[in-house]
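Chain letters run A, B, ... following the sequence lines, proteins first, then strands; residues in each count from 1.
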There are 2 protein chains.
Amino acid sequence: MSTTAPSDDIGTRLRLVRQIYGLTQRELARRAGVTNGAISLIEQNRVSPSISSLKKILDGIPLSLADFFTHNFAASDQVFFAAAELTEIAFGETVSMRMVGGNLKERALQMLQETYQPGADTGEEMLRHQGEECGIIVSGSLTVTVGAQEKTLQPGDAYYFRSDIPHRFRNPGPASCQLISASSPPSF
Amino acid sequence: MSTTAPSDDIGTRLRLVRQIYGLTQRELARRAGVTNGAISLIEQNRVSPSISSLKKILDGIPLSLADFFTHNFAASDQVFFAAAELTEIAFGETVSMRMVGGNLKERALQMLQETYQPGADTGEEMLRHQGEECGIIVSGSLTVTVGAQEKTLQPGDAYYFRSDIPHRFRNPGPASCQLISASSPPSF
DNA sequence: TCCCGGCGTTTAGAATACTTAACAATTTTG
DNA sequence: CAAAATTGTTAAGTATTCTAAACGCCGGGA
């Protein structure tokens, strides 16, 4: 019953959200049906808006009151990640991953660039966890086992399954295999 | 980025929360440092409170703005569950569970009364999932394996582990085993 | 350079929220 | 049962928010 409380500095919060969405005070005011002056005063914390006003304004973005108070907008400002910025994760000698946005908080999604060396295998005791996952082979080939099904995927091929179905990845070929995967929620 | 938006009927919402917490308008007003009249007007939707007022009022409960807008208070009104109301879940012939609050939405916690018949076994391919779990043996005995550790628990004994550590439950004895377990988040 | 358009800010007045103090209805208590 | 305390609601006045219209600032184009 206890969500981490965001700062009650509504003004800064609103200004941040507005700028993230690339709106000017006047443009947002027009969409929301309020005056630009009101938004200015609120953003300076010179007034404490009524719920009805705040709701009108957020509707112009659009964003729900719940999302406005729940999410930590300050923490999620990085949008683009250079290849060198991806977080490296290694599993033994044969499997390595590069994660997008490893520094972000409260992610709902995880995207990885994975590399399987020849012979790499996640092991016979199948992987199982909550959520769903999906991937596309970029180069090389990969044998994917999901429940009773098994297939060797070539570049361009893809998979999608509920992660609670036992699954396993192996690289049978002589070349290393690269793929891009996404899963939700993140498992690390 | 999109949470399910609660009704924007702030008045009804506030009245519901206040009553759930067993407070009168005057008592809440006293704690919050506002007048009972203000709370009355807000609850009737005759005014749309300012954020500052609403925050003061919620502080008197106490409840954060984020929680106020996020949670679905109307849905979580059942507090007591008769034995007959527990939801039955069966796994094969040897394991059965009875869940508390199976009808509730947005649970953060799952509590089960589990029964393992003699010889019951969750299997060699160990269980793994997100969260944490905990249990206490009520009757009979149960062999619990968690990672490299294994122990046969007697009535009164308990366990607690991160659910991502592979685990397994078996009933080695001649009698059936009952236990009470809790896990978070719920896995079904 | 000057003008134009857009930006956020400010001010005076209209609209709304909040307080104070009373009221009626119900429950508690002696 | 009657007195007293407690509950939610309401009316009038005060405090606050919001609107309308102006201000000063900055950058781009004749």
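Residue side chain Asn36(B) does not reach the base of dT7(D) through any donor-acceptor N/O pair under 3.5 Å, judged by distance alone. For Arg26(A) against dG6(C), a side-chain-to-base donor-acceptor contact under 3.5 Å is absent.
With rounding to whole Å, Arg30(A) atom CZ is found 15 Å from dT19(D) atom P. Taking atom CD1 of residue Ile39(A) and atom P of nucleotide dC18(D), one finds them 11 Å apart after rounding to whole Å. Summarising the geometry, the separation between CG on Leu14(A) and C1' on dG8(C) is reported as 14 Å, rounded to the nearest angstrom. Rounded to an integer number of Å, the gap from Leu41(A) CG to dA12(C) P is 14 Å.
Picking from dA17(C), dT9(C), dT19(D) the nucleotide with the shortest atom distance to the side chain of Gln44(A) gives dT9(C). With dT19(C), dT19(D), dC18(C) as the candidates, the nucleotide lying closest to the side chain of Ile42(B) is dC18(C).
Within the 4.0 angstrom heavy-atom criterion, only backbone atoms of the sugar-phosphate kind lie near Ser50(A); the bases stay farther away. Residue-level contact check: Thr24(A) touches the backbone only, with heavy atoms under 4.0 Å from sugar-phosphate atoms and none from bases.
Using a 4.0 Å cut-off, no side-chain N or O of Ser40(B) falls inside it from OP1 or OP2 of dG8(D). Contact between the side-chain N/O atoms of Arg46(A) and the OP1/OP2 oxygens of dT10(C) is found at a separation under 4.0 Å. Applying the 4.0 Å criterion to OP1 and OP2 of dC7(C), one finds that Arg18(A) has every side-chain N and O outside that range. In this model, the phosphate group of dT9(D) is approached by a side-chain N or O of Gln25(B) to a distance below 4.0 Å at OP1 or OP2.
No side-chain donor-acceptor contact under 3.5 Å links Thr94(B) to the backbone of Gln117(B). The backbone N or O of Ala66(B) sits less than 3.5 Å from a side-chain atom of Thr70(B), completing a donor-acceptor pair.
With respect to the salt-bridge test (charged N to carboxylate O, under 4.0 angstrom), the residues Arg13(B) and Asp9(B) do not qualify.
Ring geometry for Phe69(B) versus Phe69(A): interplanar angle under 30°, hence parallel rather than tilted (30 to 60°).
Looking only at side-chain heavy atoms (C-beta outward), His167(B) and Val144(B) stay at 4.5 Å or farther from each other.
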